[in-house]
Amino acid sequence: GQPERTTYYVELWTLARRRDARSRPPARARILACPGCGAPLDAVVEGTCTHCKRVVAGGDFDWVVRAAQVVESQERGPMLTTEVPEQGNELPTVFDPEAQARCAAISQKDPFFQWQPFEARVGLVFREFQTAWTQRDLVRMRPYFTDALFDTQRFWVEAYRAQGLRNVTDGARIVRLELAGVASDR
């Protein structure tokens, strides 16, 4: 029966690693995986990779959090009820100069990849997501997202639900689709 409250924290984290451990390159910095074999992060249980059996949580391979201290905390009311204009939409798209070549390389590896069907797929995913988002229907959006992206959407849907709110996107549409960057993994 109590209204939901949110607390905003400022924390001071102490990070540590072995002196000879090397930082991952920027392209891999956000990949959460076993540093030994590359298995997904969910294969790391209690600091040990269940796939390669290496202990990976002690700072031997990468930075680890040794301590987290709350420096400041502020209680805030519901955060989802204000209108905030998006930032950055007026800026020009940043294009990777290698995007076209990387796209062509994917087409070489996979002859079934073609741009027009890809555009159609992007449109389908966009429409399905917009409908699912407005209806707060996690089951409908699940087939279209990676685990990490789905968890992000679930967080926001549940946050709106907890505050008795519903975020409706009405009339959302794709105006233009541009190839700005291409990445390929295993």
Side-chain angles (χ1 to χ4, degrees), residues 1-99 102 125 129 132-133 136 138 141-142 144-167 169 180-186:
Q2 297 279 333
E4 183 174 310
R5 303 292 303 166
T6 302
T7 305
Y8 173 80
Y9 292 98
V10 175
E11 296 179 336
L12 177 63
W13 286 22
T14 303
L15 302 167
R17 69 173 182 181
R18 267 183 31 182
R19 185 178 303 267
D20 60 343
R22 296 180 54 94
S23 294
R24 291 178 284 169
R28 293 191 35 107
R30 291 181 176 243
I31 298 171
L32 300 177
C34 170
C37 69
L41 186 62
D42 60 1
V44 178
V45 178
E46 295 181 6
T48 302
C49 177
T50 57
H51 185 70
C52 71
K53 310 298 184 221
R54 290 174 94 174
V55 175
V56 297
D60 290 346
F61 296 99
D62 209 341
W63 294 101
V64 293
V65 178
R66 291 280 188 231
Q69 174 187 357
V70 175
V71 176
E72 176 185 347
S73 65
Q74 298 173 4
E75 278 206 33
R76 297 182 179 179
M79 306 277 294
L80 301 174
T81 59
T82 60
E83 284 196 31
V84 179
E86 288 190 47
Q87 299 291 314
N89 288 344
E90 71 286 349
L91 299 174
T93 300
V94 176
F95 291 92
D96 177 354
E98 301 294 319
R102 290 183 178 149
V125 171
F129 172 70
W133 174 260
R136 297 187 301 192
L138 292 167
M141 67 175 72
R142 182 63 187 110
Y144 301 103
F145 294 124
T146 62
D147 293 342
L149 188 53
F150 180 72
D151 286 343
T152 300
Q153 299 311 314
R154 178 175 35 208
F155 169 84
W156 287 110
V157 166
E158 289 172 2
Y160 277 102
R161 217 178 246 138
Q163 292 186 24
L165 301 171
R166 189 167 147 223
N167 184 333
T169 56
V182 175
S184 181
D185 59 22
R186 287 184 234 154

Sequence neighbours excluded, the answer for side-chain contact (heavy atoms from CB on, under 4.5 Å) partners of V94 is none
Sorted by chain and number, sequence neighbours left out, side-chain contact (heavy atoms from CB on, under 4.5 Å) with F150 holds for L138, M141, R142, F145, R154
Using the side-chain contact (heavy atoms from CB on, under 4.5 Å) definition, which of the options T50, T48, V56 pairs with C34? V56
Pairwise distance CD(E11) to CD(E72) - rounded to 0.5 angstrom: 11.5 Å
What distance separates F61 CZ from R17 CZ, expressed to the nearest 0.5 Å? 13.5 Å
Side-chain (R102) to main-chain (D96) donor-acceptor, under 3.5 angstrom: no
Kindly give the heavy-atom pair with the smallest separation between Y144 and V125, and that separation in Å. CD2-CG2, 3.5 Å
For A180 and T93, which heavy atoms make the closest approach, and how far apart are they? CB-CG2, 3.8 Å
side-chain contact (heavy atoms from CB on, under 4.5 Å) between V65 and T14, worked out: CA-CA 6 Å; V65 178; T14 303; over 6 Å; no
A quick test of your reading: do over 12 heavy atoms of other residues, nucleotides or ligands sit less than 6.0 Å from CH2 of W63? yes
Take atom CD of E46 as the centre, draw a 6.0 Å sphere, and report whether it contains more than 12 heavy atoms from other residues, nucleotides or ligands. no
